[in-house]
Amino acid sequence: MALELTIQKTQNPGHLPADESGLGFGHVFSDHMFTMDWSKDRGWHDARIIPFGNLQIHPASTVLHYGSEIFEGMKAYRNVKGEIVLFRPEENFKRMNRSAVRLGLPELPVDFVLDALKELVKLDADWVPHSEGSSLYVRPFTFGDDEHLGVHGVSHARFYIILSPSGNYYKEGINPVNIMIEDDDVRAVRGGTGEAKCGGNYGASIRAGNRAEEKGYTQVLWLDGVERKYVEEVGSMNIMFKINGKICTPALNGSILPGITRKSILEWLRSQGEEPEERRISVDELIEAAENGTLEEAWGCGTAAVVSPVGHLAYQGKVYEINKGQIGPTVHRLYDALTGIQWGKQEDKLGWIVKVL
Ligand SMILES: *Cc1c(COP(=O)(O)O)cnc(C)c1O
């Protein structure tokens with residue numbers, strides 16, 4: 001049976017805070033959310049937009065005990081033309097379906113869900129912030145909710161999309177971050193869930209993140225889970241380097257999250273006639289390049305920050321400064337290129353923008 005979307009509007013509409021400077025990330029939520037249910041017998045059903053609110057959940061629900069959860073993250077932007085747009089949203093839903101397959105959760109009907117997202121953003125359009133660099137963060141998630149404790153394939157699941165107006169990631173300008181290379185804990189191994197965007201990956205990464213924070217570092221740079229020899233990615237971002245004039249990033253190897261920002265940067269560079277490399281990058285190569293001055297720039301890339309320059313890299317008790325701790329020209333150029341497209345300041349030559357309103 002074809003899915004149909006019903007809309008139940010809130011009786012108590014809220015509003016975006018007048019002062020957008022205190023929004024931060026992920027604290028404020030819009031009036032409505034989208035949800036639909038899935039069961040093995042019926043497939044997806046009861047697709048609806050409803051007032052934002054708490055969930056009722058059975059204490060034995062699968063997600064609470066066995067971590068059957070996947071999520072996505074993207075943004076709706078109010079661009080300089082006054083339109084509200086999404087950046088490559090079908091990429092997020094396609095990735096979510098790959099995550100679903102890995103976790104044994106149901107795949108989404110991508111076209112339907114994309115239409116539902118557009119309806120939701122239209123309904124809550126007043127929640128898209130106006131200040132420069134701000135956006136409406138979109139958080140889709142699916143979880144298993146069988147109401148018993150047996151470990152079996154999921155036969156009931158729910159999907160939600162919630163919206164959170166969020167402030168400029170770079171309120172105080174683009175400042176390079178300090179990152180610690182983690183050589184004890186690992187994030188993922190090939191064959192595990194590293195490629196999937198699932199909550200469990202994050203749960204297991206918190207300890208290393210806390211240790212780095214205690215020492216004054218923003219995030220950790222993960223190494224491969226087997227040899228702890230090859231660079232993989234940063235906490236919630238992929239990583240890129242400019243070594244000896246060449247841009248390179250770790251190749252997707254089965255344990256790295258395939259970021260859409262990563263993919264977009266590579267595609268954009270190639271559209272400019274450049275040849276960024278996707279390859280294995282060992283921590284030894286990186287440290288050597290840092291020591292002999294050929295590590296020109298390093299930056300993380302992800303939806304939240306777009307690009308985030310790395311000013312210092314710590315490894316086994318030593319600290320390496322990159323580009324004098326300053327933001328470099330490549331990071332600048334990539335930031336301007338991607339945000340230029342997202343904010344409608346530059347022509348969308350690669351067809352990445354989906355207009356909502
Ligand atoms: C989401 C995520 C990224 C970045 O992906 P984008 O699609 O660019 O936002 C990188 N690494 C991890 C672990 C992530 O969860």
Side-chain angles (χ1 to χ4, degrees), residues 25-26 67 69-77 86-100 102-103 110 114 117 135-142 161 164 166 169 177 179 182 185-190 192-209 212 218-225 230-241 249-269 276 278 281 298-308 310 331 334-335 337-339 341-342 350 352-354:
F25 171 72
E69 192 264 358
I70 53 174
F71 67 96
E72 272 302 326
M74 65 184 120
K75 287 173 172 177
Y77 306 86
L86 295 161
F87 182 74
R88 313 189 79 177
E90 60 296 310
E91 290 289 332
N92 290 88
F93 291 124
K94 283 197 269 179
R95 179 170 67 190
M96 195 163 193
N97 280 350
R98 297 197 303 272
S99 301
R102 180 62 187 85
L103 273 281
V110 172
L114 186 51
L117 170 59
S135 58
L136 184 68
Y137 183 76
V138 177
R139 168 53 62 88
F141 58 104
T142 300
I161 304 175
S164 176
S166 295
Y169 191 92
V177 296
I179 285 194
E182 172 66 38
D185 286 3
V186 297
R187 191 190 84 93
V189 289
R190 266 186 248 182
T193 54
E195 266 187 337
K197 210 168 174 76
C198 65
N201 287 344
Y202 277 83
S205 76
I206 300 293
R207 181 171 76 167
T218 328
Q219 294 203 28
V220 303
L221 175 58
W222 298 105
L223 300 180
D224 75 278
Y230 298 99
V231 173
E232 299 230 313
E233 61 179 306
V234 191
S236 54
M237 292 186 282
N238 294 107
I239 186 89
M240 294 187 172
F241 306 100
T249 189
L252 300 178
N253 60 354
S255 57
I256 292 175
L257 196 288
I260 293 158
T261 316
R262 174 190 181 279
K263 177 175 173 167
S264 302
I265 289 175
L266 294 174
E267 288 175 9
W268 184 80
L269 285 168
E278 297 175 77
I281 301 167
W299 63 93
C301 57
T303 296
V306 184
V307 284
S308 174
V310 180
V331 173
L334 293 174
Y335 184 77
L338 263 74
T339 59
I341 295 169
Q342 290 163 344
L350 295 159
W352 288 344
I353 295 300
V354 172

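Each ligand, and each atom within it, is numbered from 1 in the order the structure gives. We count residues from 1, following the sequence as given. Hydrogens, waters and symmetry mates are skipped; everything else that's a heavy atom, side chains included, is used.
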Could you list which atoms of ligand 1 come closer than 4.0 Å to a heavy atom of Gly259? 5 (O), 6 (P), 7 (O), 8 (O)

Classify the contact between Asn238 and ligand 1 as side chain, backbone, both or neither, using a heavy-atom distance cut-off of under 4.0 Å. both

Heavy-atom distance to atom 4 (C) of ligand 1: which of Gly235, Pro258, Ser264, Ser236 wins? Ser236

Consider ligand 1: state whether an atom of it lies below 4.0 angstrom from any non-hydrogen atom of Met74. no

What residue among Val220, Asp224, Leu257, Leu223 forms side-chain contact (heavy atoms from CB on, under 4.5 Å) with Arg187? Leu257

If you scan protein heavy atoms around atom 12 (C) of ligand 1, the nearest is Glu233 OE1, 3.3 Å

Using a 3.5 Å cut-off on N or O atoms only, is Arg262 in polar contact with ligand 1? no

Mind checking whether Tyr202 has an N or O less than 3.5 Å away from an N or O of ligand 1? yes

Non-hydrogen side-chain atoms of Phe87 and Ile353 separated by less than 4.5 Å: yes

State yes or no: are the ring centers of Phe25 and Tyr137 separated by less than 6.0 Å? yes

Does ligand 1 come near enough to Leu257 that some N or O of the ligand is less than 3.5 Å from an N or O of the residue? no

Closest non-hydrogen atoms of Pro140 and Gly73, given as atom of the first, atom of the second and distance, are CD-N, 4.3 Å

So which heavy atom in the protein is nearest atom 14 (C) of ligand 1, and how far is it from that ligand atom? Lys197 NZ, 3.0 Å

Exercise: identify the closest heavy-atom pair between Thr249 and Arg262: CG2-NH2, 3.7 Å

Hey, is ligand 1 close enough to Thr303 that some N/O pair sits below 3.5 Å? yes

Against heavy atoms of Arg95, which atoms of ligand 1 measure under 4.0 Å? 5 (O), 6 (P), 7 (O)

With a 4.0 Å cut-off, would you call Glu195 and Arg98 a salt bridge? no

Can you check whether Ser255 reaches Val189 side chain to side chain, under 4.5 Å on heavy atoms? no

Hey, is ligand 1 close enough to Arg187 that some N/O pair sits below 3.5 Å? no

Hey, are the side chains of Val307 and Ile265 touching, using non-hydrogen atoms and a 4.5 Å cut-off? yes

Over all atoms of both residues, closest heavy-atom pair of Ile260 and Arg95: N-NH1, 3.6 Å

Considering only protein heavy atoms, which is closest to atom 8 (O) of ligand 1, and at what distance to one decimal place? Thr261 OG1, 2.6 Å

